Amino acid sequence: MRAVVIPEFGAAGVLRVADVAAPEPGPGEVAIDVAYAGANFAEILYRRGLVDVPLPFVPGIEVAGRVRATGPDVVGLAPGTPVAALTIVDGGGYAEVAVTSAELVVPLDGLAAETAAGLPSNGTTAFLALDRVARIEPGESVLVHAAAGGVGGMLGQAARLLGAGRVVGTVGSPAKFETARAFGYDEVVLRDAPLAERFDVVVDMVGGPARRASLDLLAPMGRLVVLGNASGADDVGVPANELWLSNKTVSGFNMADFAARFPAEAGRALRRAVAAAAGGGLRLVHETLPLDAAAEAHRRIESGSTTGKLVLAV
């Protein structure tokens, strides 16, 4: 099959299109004929060598397409069924065929594959981060950094669906204001702009100065959810005594680790995201590039210039 591979760790230019053996599903697994694959910052971490993967490695943490074949013990997913899937545990999405656990595969009910490919990682993450980790309550206020990005757009909308009372987003430049506002944010501000209000929930995938500011912006009994470190900044220490004295909480959420440990729960969250998108509750903004433009997609994500989601047509 045709796939994009990481033959060696490095910059985006190391990505290569190659012919590799198509994977076969094992017990409890599903093979998918991939139509589209989402492009994500996580795949850049694999390419840089910040995640320990064997080389050559086929990246790709989410796909949409049709069921090709199922392994033993799989029911309810017949060949030809349109599906969206998380391939985040072992990668492999940048390819004509991908294999993943059946628990991480969800049938598509009227949702186009090109749109659905940008949903599994970000949509599932948004619901889990806000509901499972932050345990958001109706009427609470939420602040989301990188609000115009793929996961940021999902977080703003998911917060609304979960009953948030006020949702504010931050962005890195004024050029992203309009995109973020379209995701349902009450207010969008520059990331380094001072904010007088305090929030019940803050979600940060940027790191660096934004992480320290996020902690300061928490209201008493507020929860900071750490989703990443897109800035590449050095880690920010969080004094435990400060949390104790101010009644604040800091939690981390990593989709790959969660899906590997709790695939059934990740699958339920994915079904929730697919249902919300099919019903119009989640709006997905995407741009589609050909599979052999994977390196371009990585460069654009790394530059911080993207809004919404980049999807690769396989």
Side-chain angles (χ1 to χ4, degrees), residues 1-5 19-40 42-43 46 51 53-54 57-128 131-132 254-279 282 284 291 311-314:
M1 67 174 183
R2 188 166 172 261
V4 169
V5 301
D19 289 325
V20 301
E24 298 290 338
E29 293 183 333
V30 175
I32 299 167
D33 284 319
V34 178
Y36 299 92
N40 299 273
E43 291 126 14
Y46 297 145
V51 179
V53 295
F57 181 73
V58 179
I61 66 173
E62 59 182 348
V63 301
R66 292 182 180 271
V67 173
R68 175 186 179 93
T70 60
D73 306 321
V74 175
V75 296
L77 290 168
T81 302
V83 293
L86 277 166
T87 51
I88 194 168
V89 176
D90 296 310
Y94 288 13
E96 292 178 328
V97 181
V99 168
T100 190
S101 167
E103 293 182 299
L104 301 175
V105 180
V106 177
L108 296 176
D109 185 12
L111 193 63
E114 187 172 359
T115 300
L119 182 67
S121 176
N122 294 341
T124 305
T125 294
F127 279 111
L128 286 170
D131 197 11
R132 177 73 154 83
N254 181 284
M255 188 71 243
D257 183 74
F258 187 92
R261 297 177 187 273
F262 311 106
E265 188 171 356
R268 288 193 294 272
L270 174 55
R271 285 191 289 275
R272 189 179 192 180
V274 168
L282 283 182
L284 291 93
L291 180 64
V311 172
L312 300 174
V314 180

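Since this is a predicted model, take the numbers as computed values, not measurements.
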What's the spacing between [X] [atom1] and [Y] [atom2] if we round to 0.5 Å?
X: T70; Y: I32; atom1: OG1; atom2: CD1; answer: 11.5 Å
X: I88; Y: S101; atom1: CD1; atom2: OG; answer: 13.0 Å
X: T125; Y: L119; atom1: OG1; atom2: CG; answer: 10.5 Å
X: N254; Y: L128; atom1: CG; atom2: CG; answer: 12.0 Å
X: Y36; Y: L291; atom1: OH; atom2: CG; answer: 12.0 Å
X: L77; Y: E29; atom1: CG; atom2: CD; answer: 13.0 Å

Can you give me the closest heavy-atom contact between [X] and [Y], atom names plus distance?
X: A98; Y: T87; value: CB-CG2, 4.1 Å
X: P107; Y: T81; value: CB-CG2, 4.2 Å
X: A117; Y: V311; value: CB-CG1, 4.0 Å
X: L270; Y: A84; value: CD2-O, 4.1 Å
X: L111; Y: A116; value: CD2-CB, 3.9 Å
X: F258; Y: A266; value: CE2-N, 4.0 Å

Does the distance from a Lys or Arg side-chain N to an Asp or Glu carboxylate O, for R66 and D33, drop under 4.0 Å?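 So R66 does not pair with D33 through a salt bridge.
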
May I ask you to decide if [Y]'s main-chain N or O and [X]'s side chain share a donor-acceptor pair within less than 3.5 Å?
X: E62; Y: S121; answer: yes
X: T100; Y: L86; answer: yes
X: E96; Y: R2; answer: yes

Do M1 and D19 pass the side-chain contact (heavy atoms from CB on, under 4.5 Å) test, and can you show the C-alpha distance, the side-chain angles, and the key distance before you say yes or no? CA-CA 5 Å; M1 67 174 183; D19 289 325; over 6 Å; no

Min side-chain heavy-atom separation [X]-[Y] under 4.5 Å:
X: V4; Y: V58; value: no
X: Y46; Y: I61; value: yes
X: V83; Y: V106; value: no
X: L312; Y: Y94; value: yes

Scan residues 259-271 for pairs that pass salt bridge (Lys or Arg N to Asp or Glu O under 4.0 Å), counting only residues two or more places apart or in two chains.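 Every pair satisfying salt bridge (Lys or Arg N to Asp or Glu O under 4.0 Å) with a residue in residues 259-271: R132-E265, D257-R261.
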
Check against side-chain contact (heavy atoms from CB on, under 4.5 Å), V99 and R68: CA-CA 10 Å; V99 168; R68 175 186 179 93; over 6 Å; no

Decide side-chain contact (heavy atoms from CB on, under 4.5 Å) for V74 and V30; before the verdict, give the C-alpha distance in whole Å, the side-chain angles of both, and the deciding distance to 0.1 Å. CA-CA 8 Å; V74 175; V30 175; 4.0 Å; yes

